[in-house]
**Q** 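Starting off with a structure, shown below.
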There are 2 protein chains.
Amino acid sequence: MAKGKRATLSDVAKSSNVSKSTVSQYLNHRYEYMSAETKARIEAAIDELGYQPNILARSLKQKTTATIGVIVANLLHRFSTEVTRAIEDYCHHHDYHVIICNTDEDPSKEKKYVEMLIAKQVDGLIIVPTCNNMELYQRFVDDHYPVVFLDRKMEGLPLPTVVMDNIGSSYICTSHLIAHGHERIAIMTPPRHISSRAERIEGYEAALRDHGIPIRPEYIKSTRIDEAIPELARMLTLEDRPTALLAGNDLILMEVLSYMMENGIRFPEDIALVLIDDVNFTDFLPSPLTTFEHPVGRMGRKAAEMLLDQIKSGQTTASPDSQLVVFKGSLHVRKSCGGPLPEPLAFLQGEEENGTDPNERQANEGSL
Amino acid sequence: MAKGKRATLSDVAKSSNVSKSTVSQYLNHRYEYMSAETKARIEAAIDELGYQPNILARSLKQKTTATIGVIVANLLHRFSTEVTRAIEDYCHHHDYHVIICNTDEDPSKEKKYVEMLIAKQVDGLIIVPTCNNMELYQRFVDDHYPVVFLDRKMEGLPLPTVVMDNIGSSYICTSHLIAHGHERIAIMTPPRHISSRAERIEGYEAALRDHGIPIRPEYIKSTRIDEAIPELARMLTLEDRPTALLAGNDLILMEVLSYMMENGIRFPEDIALVLIDDVNFTDFLPSPLTTFEHPVGRMGRKAAEMLLDQIKSGQTTASPDSQLVVFKGSLHVRKSCGGPLPEPLAFLQGEEENGTDPNERQANEGSL
DNA sequence: GTGAAAGCGCTAACAC
DNA sequence: GTGTTAGCGCTTTCAC
């Protein structure tokens, strides 16, 4: 492996007095018709020269790299690390390699990475899309390029997609608060142009509606992270300020907690708090926090599975009725939220996706 | 980019009635001697065919991939994500790509990934080593392979290394506790066969020694994460149990907090707590936690810089006096730790590495 | 200004 | 059982 003078297959062939093809056979474990002696000679030459195959050359020839690309929003976030971890494990297990990239929610970076990964000849892509590159996504379907979308769905784009049941998650969290006696419930999410966020608001509204509670726009905030605190402050000075707050994801929660800590606002005493998501420090908070856990690892695994299936079968299923796999999460009650009932009502518990045939659970997020 | 029928440079050449070499010139922006007309024809052909170059073929020819490999212990941990993030940003900026792998502290995985990355012809490697693959590491020096070690150093291996000043960090944290009146101070780290952990204990012992406080082995625990809680429990039942505890890293802290929460042990009231590291939830704990912050991002950046320098210069500096770059962190006091003094003594504050010439700060971790 | 030709390191028919 | 040959898609002299 010495720099600039790595041995090649050719060198091995020379050094062991056989032809390149024989060495190639050896490398690909096709020993069947190979004399034990040849095999031994090749073996010896290989480790004498410290030979390591050049995968690039092999890939060029075989037109397949056994590598997939994964494009996530930001590796500093929990969802991304967990999901990529699961994808990696699955791929590793199936002898695929993974190249991970960050978009930072920037469509131009997304485009750039997609192009570079394709140039690098990855066999397929798993993407948490910025949702702002329609022409790019459209090319996937036109070209039947193997791809799986993750966490966010896009209307009118017949591409296999793995998401969580955001509407359901939010519905359950909201209902939990309602069941505990809350009526003035607020929700905060990052900007809602992305399906997962819009859906969380949708589920929230559905729960209110189903319980005959009026929907009040001043309780619904979709803001950039850096504007979350002022928005929250504003909301809490309303005459009839909310008695409960749904944090739309981990980042929003951190902002909310910062603000509350700084201003001596306690939960659940001053305001009930539920996180539609999960963080690793719930147990260490002054009061344990109720969260909603999604099977992120399983989602990643499923996405990887779907992608490798496409790659291996050559079927990209880019059809109008393409796959949509929805995973359900479940409420994790760590503390009564200030109301009378100690536990969530049984029917509100989320069910787990059972995860074998993706087609069967198409669009079941409407089934609450 | 259509699957199985991507256009090649050859196709572009045909379609625009020029030779492959001319197209290649075009792709490499060597327009100098190219007629505007030819250029236009090639341009047209390229986007008509949706041509995308095949980087594999180029790399095979050029014997360089503009890609580096990064091998970290576990992407689920903060240090790894931050450091890889910084590496990526730096590389992205210098038109290098990055492939990230996880060892999970498993030497066999480490070996496997190193080999696969080399087979993929990466131009160099940044590694947080498991420290259990000496033959592998030795090969790097023998072969002058461009590599930078990160976070952990290994005796007798003349390879460029970027670490933090663990001894100093720990010394400062310990001194901080001493300055606040503590004498019975304990420390817990993961297993100490890895330099960073051994050094944290070393710094702790140095601080005690310098203050004339006896070192008591029963206050020093290096345990596997899953044995941290029982060890802690044992320590806290000692007759003269410690009044202060240094958590050797984030994982240990989580265990400690779990145990404390569960048993109603408060900090700093029942025991003072300082983390030689950082976590993202310090501000949300029941009592703010004093931590020691390391410039992880800058470490990653520096490692990337050193690697790209090696790659570009062809110098691997695998000499006995190879580079050792040490970064210092600084104490972040969030709460008085139970003793009389409200602030750490000024001379205990860590200094920042100023980071231009790596050689100048060789071994300055002994300079406390 | 542009083209022909060789070759990067490997695989895969197909001969022998 | 093993060797010959062609070629993957690109770059790069060196002619013309």
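The shown structure was predicted, so the numbers you read here are calculated from the model rather than taken from an experiment. Here is the naming used below: chain letters follow the sequence lines, and residue numbers restart at 1 for every chain.
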**Q** Between B:Asp89 and B:Arg301, does any side-chain N to carboxylate O distance fall below 4.0 Å?
**A** no

**Q** What I'd like to find out is whether the side chain of A:Pro160 reaches to under 4.5 Å of the side chain of A:Phe149, using heavy atoms alone.
**A** no

**Q** Select base, sugar-phosphate, or nothing to describe what A:Ser59 touches, counting heavy atoms under 4.0 Å on all strands.
**A** nothing

**Q** Does some side-chain heavy atom of A:Ile127 sit less than 4.5 Å from a side-chain heavy atom of A:Val148?
**A**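 Side-chain contact under 4.5 Å: no.
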
**Q** Does the gap between the ring centers of A:Tyr113 and B:His92 come in under 6.0 Å?
**A**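 Ring-ring flag for A:Tyr113/B:His92: true, centres closer than 6.0 Å.
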
**Q** Within this structure, what is the CD-to-P distance between A:Glu37 and D:dG1, rounded to whole angstrom?
**A**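 The distance from CD of A:Glu37 to P of D:dG1 comes to 13 Å, rounded to the nearest Å.
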
**Q** Taking side chain as C-beta onward, heavy atoms only, is B:Val114 less than 4.5 Å from B:Leu125?
**A** yes

**Q** Which residues pass the ring pair (Phe, Tyr, Trp, His ring centres under 6.0 Å) test with A:His94, sequence neighbours left out?
**A** A:Tyr90

**Q** Measure CZ/B:Arg41 against C1'/C:dG1 and give the value in whole Å, please.
**A**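 That distance rounds to 12 Å.
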
**Q** Given atom OH of A:Tyr31 and atom C1' of D:dT2, what is their separation to the nearest angstrom?
**A** 17 Å

**Q** Scan nucleotides 9-16 of chain D nucleotide by nucleotide, 5' to 3', and note B when protein non-hydrogen atoms come under 4.0 Å of the base, S if they reach only the sugar-phosphate, - if neither.
**A** BBBB----

**Q** Across the strands shown, which category fits A:Asn17 at heavy-atom distances under 4.0 angstrom: base, sugar-phosphate, nothing?
**A**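 The residue A:Asn17 makes sugar-phosphate contact but no base contact.
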
